[in-house]
Structure formats: C-alpha cells, structure tokens
Amino acid sequence: MDFIEELRWRGMVHDLTPGIEKVLKNPGCSGYIGFDPTADSLHIGSLVQIMTLVHFQRAGHKPIALLGGATGMVGDPSGKSQERNLLDFDTLNKNVEGVRKQLTNFLQFSGSNSAEIVNNYDWLNTISFLDFIRDVGKHITINYMLAKDSVKSRLEHGMSFTEFSYQLVQGYDFYHLNRQKNCVIQMGGSDQWGNIVTGTELIRRKSGKEAYALTTPLIKKTDGGKFGKTEEGNIWLSKDRTSPYKFYQYWLNASDEDVASYLKIFTLFNQKEIAELIRQHEEVPHMRLAQKTLAADVTKRVHGVDELTNVLLASEILFGKATFETLNALSEETFLQVFEGVPQAQISQDLLKKGIPIIDLLVSESRFLTSNGEARREIKANAITINKTRIDEQFVLTAKHLLNERYVLIGKGKKNNFIAVFN
RNA sequence: GGGGAGAUACUCAAGCGGCCAACGAGGACAGACUGUAAAUCUGUUGGUUCAUACCUUCGCAGGUUCGAAUCCUGCUCUCCCCA
C-alpha cells in the first residue's frame, strides 16, 4: 500500500512538498505528527492526525507521535487570533500524560516499524537560550518568519515574542528528530504548514538534507458547522469528558452529505468497501447504514468493543421501540452500563408511597427541567415520556412504574433522556 | 480636550408615559411529516399559578408621576466625529 495514494483517495491530503512520493515509496521511513497538550484529552479533531499516523504505519513506515511538552509551554499561534495564557508546568505534565495514554491505543508498538511516542520537553528543556538563538535562530531570517500566515495575521493586533518564536521551536523539533531518528517527514493539519516548512528549511540549512511536509485538510461539515463541536462543547476521546454514548451519537448523527468523507477519514475500510456501503445506504437511506457503520467503527477504535456493545444497546433502547416490559427485562447491571452517560438524579424512595405528581418529578425532584412552566409546556406539547410511554399532566409516579425496582426513564422529545434513581 | 450617538430578554433589534413580560428576525426547544437526516408546516421561548392574577426584568443608583423600558439627575461602560 502506498501511503500517499492511500491518503489521496481518502481525501486526506491538503498539501505536500514535492519529492515526498518518491521518498516514501520505500517502507521504513520515519515521520512524525505533534500533539498539543492543551488538555488532558484529545478531541475528535485530533483523530484525523491519529489516523494519518495509523495509515503511515500500515504503509510500513515508522510513526512518531510527538507530545508538545515544551512547545505547549510556548503556545502555537497558528489559527489563533489572540495571544493565549500560558499553562503552568503541572497542568502541562498532566495533559502530556493523558494524551500519551490515549495515543497508545491507536498505534502498534511492536515490530520493525513500531511506533514511538516522544516528548519534546526532553530535548528542549536542556537547551540554553543563547545556544538556541546562535544555533537555530541564525539559520532562519526574520523576513522568512514574518511571511508566515500565523504571524502576518497577528501583526496588527500584536503578538508576543514567545508566540512569534513558536515556529522556530517546532522547526527545531523536526531538525532534532531528523538527526536523531532520521525522521524525514512531518505531517499535520493544514494550519501547520507554515510551522512544518520552517522545519524543513532549518534541516536544509543546517544539515543540507531534504525533509518533507504533508498536511491534511480542515474537516468541514456541509451545513457550515464546526466539525467535532456540539452545543455542549467539543467531542473528546476521553470517556470522562464525552461519554461513549454521546460519542457514538455524534457520529451517528453525521449528515448524508458528510458521512462518505468521514468514512474515508476515520475508518480503515478500503475504497471498495466504502463505495459499496454508500451505494447500499443510498438504496435505503432510512436504515442509516453508513452512519451506523461509521459510528460503530470509530467508537470501537476509541472506546473498545465492550463500550460499543453497551452504547449500541442504549441507542436501540432509547431510540427504538422499547416498552416498559423490555426495559424492565434488562438486568440492573446491564441497565446501568447501558445508561452510563445519561444524566441522572437520586430521589428518595419514600416519596413514591404518596406518589409523585409529574410536574414535581420533572422539576423539583429531578431538576431535569428548570421550571414548572417549562414542564407544563412540554407536557402539553406531548414531549414527555415515562419509560417510553407518553403521559399527561395528571400522571402520578408510583412504585409500579419502577424499572428494576429503582429506576425510571424520563424522556423529552426524541433525543433527551434522563434517569431518576430511587433510593 | 471639544462635539455627537448609544446601552432592551440567548443574539440582533423595535418600543420613547399607561393597551409592555415588552413588535420582529435569528437561534433554541417541542409537535407533525420523516431516517435520531435535510427541507417544510405548527407551537413554545422570565417566574409563580394557570385565570388577560401576581412577582421579577429593559446598563447602575436615585427622582418626578396615580402609573415609566419610555421623563429628570448622577454614575459606569461602548461607539463615532473633530483636535
């Protein structure tokens, strides 16, 4: 499998430096992608870069994931319109470890082209400022640096020397990896182009060697929204930040327009398989085959097969035609696993003796809805379900409605679910 | 420093003494139709109660008035023009 060809048909190539194809023809090259430790988890935007490394490795090359333990202390100005606050050392360390742990799930760390994870803090922290400006700064002109988009766009509103220096620091990483590990290619998102070619330039000037750059396009949604974002925020890879259920649902809700390109980027199905899948999907679009395949594949890769099983069951129950009987048939353990990630509230079981009027249940007891008025409106609009059954304002909850003698599933509309736990 | 304009609910934006919980648009939520899609149509969008009753809200603090988001005074902030 040819790496560049593979990325090409997947729509994962935005730009590349000439000559790269020839170099990568022979397996065993080293290439790297940097990951910023801005949080203790990556989000699904980074998944593009992860997949790029996965393809790189599958093509027989050696992928290196670089953790920006040092560059994270400087702050990459690319794509940012404002100067950011610096992260403190402890936070950064915690983030580096979190991201490192995640990355290990995706790559192979054995074999002749085993993956490697490095932290640029390990080599940058020992370099003195004087050494750096003499050994590195001397090779790159200010004019060259100023021409970069990441700098140009900031000239009017200001930019600290710290962020201005960023491209040199990242460039040095590339140089370092080139020298130490014979790393000849750096990849990244399209916003990284400027930083990457500063690196290739530095390598050329300092060692007279050729190094290469490849960037992936920014992922867009056809409706104009930002990929990987919802009302509640980013979709993260960490289950503590985004529950596997929400994660699965995000992919499942991909639009017909986007799903083909997502399949190409985020799954390892080959060209023929994806074409066939899309063909089937278009025949029976309401089955949502493409979305289901996408969501299952990505969820499995990120969260593992056990989580996927739970999430599939949860989705089927919440969106399928579940009844009180089917819900009640779940064992308590399954029930809890399945609905992990669905918001919950604890309510005292004593209240059930008298019965809980629906309005109280929705508002004061569970805080599912914020005001009685809202609760009345939603009930009038026919939006509220208890254990998948529509109810009216007269409804009073009693012990006979409990699932597994403890739980009640409350729904608002099609997509909002809530679980009341009675203790 | 001089002159002018403005601050209204999630956002934009009307209102300029009572009919204002406040037009309209967007967004959001829900219902119908569907495929947990898109488009479309409908409803809702401060709170309590459901009843054109009450409470809280129109930058902040006071004041005038039977009554103010609307008038007056002071304060804070934003924008524009001239130096």
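Order of the sequence lines sets the chain letters (A, B, ...), proteins ahead of strands, with each chain counted from 1. The basis for the numbers below is simple: all heavy atoms, side chains too, and nothing from hydrogens, waters or symmetry mates.
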Problem set entry | Dot-bracket pairing map - RNA chain B, Watson-Crick plus G-U, both contacts under 3.5 Å, | cross-strand | ((((((((.[[[..)..(.....]]]((((((.......))))))(((....)))...[[[[[..)....]]]]]))))))).

For this session: Return the orientation label for the A/F227 and A/F266 ring planes: parallel under 30°, perpendicular over 60°, tilted otherwise.
Result: parallel

Problem set entry | NZ (A/K300) with more than 12 external heavy atoms under 6.0 Å | no

For this session: Specify the residues of residues 364-376 of chain A, ordered by number, for which at least one heavy atom lies under 4.0 angstrom from an atom of RNA chain B.
Result: A/S371, A/N372, A/G373, A/R376

Exercise. According to the salt bridge (charged side-chain N to carboxylate O under 4.0 Å, His left out) rule, which pairs have a member within residues 41-52 of chain A, sequence neighbours left out?
Worked result: none

Exercise. Say you pick atom P in B/rG18 and the same atom in B/rU78; how far apart are they, in whole Å?
Worked result: 33 Å

Seminar exercise, completed: Contact check, residues 300-318 of chain A vs RNA chain B, heavy-atom distance under 4.0 Å, returns A/S315

Problem set entry | B/rC20 to B/rG15 separation - C1' atoms, rounded to the nearest Å | 9 Å

Exercise. Which residue pairs satisfy the salt bridge (charged side-chain N to carboxylate O under 4.0 Å, His left out) criterion with at least one member in residues 94-114 of chain A, sequence neighbours excluded?
Worked result: A/D40-A/K94, A/E97-A/R100

I'd like a list of close polar pairs between nucleotides 37-44 of chain B and the protein, N/O only, cut-off under 3.5 Å.
residue : atom : partner : partner atom : Å
B/rA37  : OP1  : A/K415  : NZ           : 3.2
B/rU44  : O2'  : A/R377  : NE           : 2.9

Seminar exercise, completed: By side chain to side chain donor-acceptor pair (under 3.5 Å), A/T216 pairs with (sequence neighbours left out) A/Q49

Side-chain donor/acceptor pairs under 3.5 Å, residues 413-423 of chain A, sequence neighbours excluded:
residue : atom : partner : partner atom : Å
A/N416  : ND2  : A/K412  : O            : 3.3
A/N423  : OD1  : A/R406  : NH2          : 2.7
A/N423  : ND2  : A/Q346  : OE1          : 2.5

Problem set entry | Pairwise P distance, B/rC41 and B/rG46 [rounded to whole Å] | 23 Å

Problem set entry | Pairs involving residues 361-376 of chain A, ordered by first then second residue, that meet side chain to side chain donor-acceptor pair (under 3.5 Å) (sequence neighbours left out) | A/T370-A/E374, A/R376-A/E393

Exercise. NA contact type, A/K380, heavy-atom cut-off 4.0 Å: base, sugar-phosphate, or nothing?
Worked result: base

Problem set entry | Whole-Å P distance, B/rG17 and B/rC71 | 8 Å

Exercise. Counting side-chain heavy atoms from CB outward, which of B/rU36, B/rA30, B/rG35 is closest to A/Q291?
Worked result: B/rG35

Problem set entry | Min side-chain heavy-atom separation A/L47-A/F106 under 4.5 Å | yes

Problem set entry | Pairing of A/R10 and A/E6 as salt bridge, 4.0 angstrom limit | yes

For this session: Whole angstrom is fine here: how far is it from CG in A/N382 over to C1' in B/rC29?
Result: 15 Å

For this session: Sequence neighbours left out, what pairs pass side chain to side chain donor-acceptor pair (under 3.5 Å) with at least one residue falling in residues 304-319 of chain A?
Result: A/K239-A/E307, A/Q249-A/S315

Exercise. Taking the nucleotide of RNA chain B with the closest heavy atom to each, which residue, A/I384 or A/E393, is nearer the 5' end?
Worked result: A/I384

Taking only distance into account, with no hydrogens and no angle test, what donor-acceptor pairs under 3.5 Å do side-chain atoms of residues 51-59 of chain A form with protein atoms, sequence neighbours excluded?
residue : atom : partner : partner atom : Å
A/T52   : OG1  : A/V48   : O            : 2.8
A/Q57   : OE1  : A/Q108  : N            : 3.0
A/Q57   : NE2  : A/Q108  : O            : 2.9
A/Q57   : NE2  : A/N113  : O            : 3.0

Exercise. A/D360 CG to B/rU48 C1': how many Å, rounded?
Worked result: 14 Å

Exercise. Any donor-acceptor pair under 3.5 Å linking the side chain of A/N328 with the backbone of A/N404?
Worked result: yes

For this session: Quickly work out the A/H281 NE2 to B/rG35 P distance and round it to whole Å.
Result: 12 Å

Solution key, residues 17-26 of chain A side-chain donor-acceptor pairs under 3.5 Å, sequence neighbours excluded:
residue : atom : partner : partner atom : Å
A/T17   : OG1  : A/A213  : N            : 2.9
A/T17   : OG1  : A/A213  : O            : 3.4
A/E21   : OE2  : A/R8    : NH1          : 3.1
A/E21   : OE2  : A/R8    : NH2          : 3.4

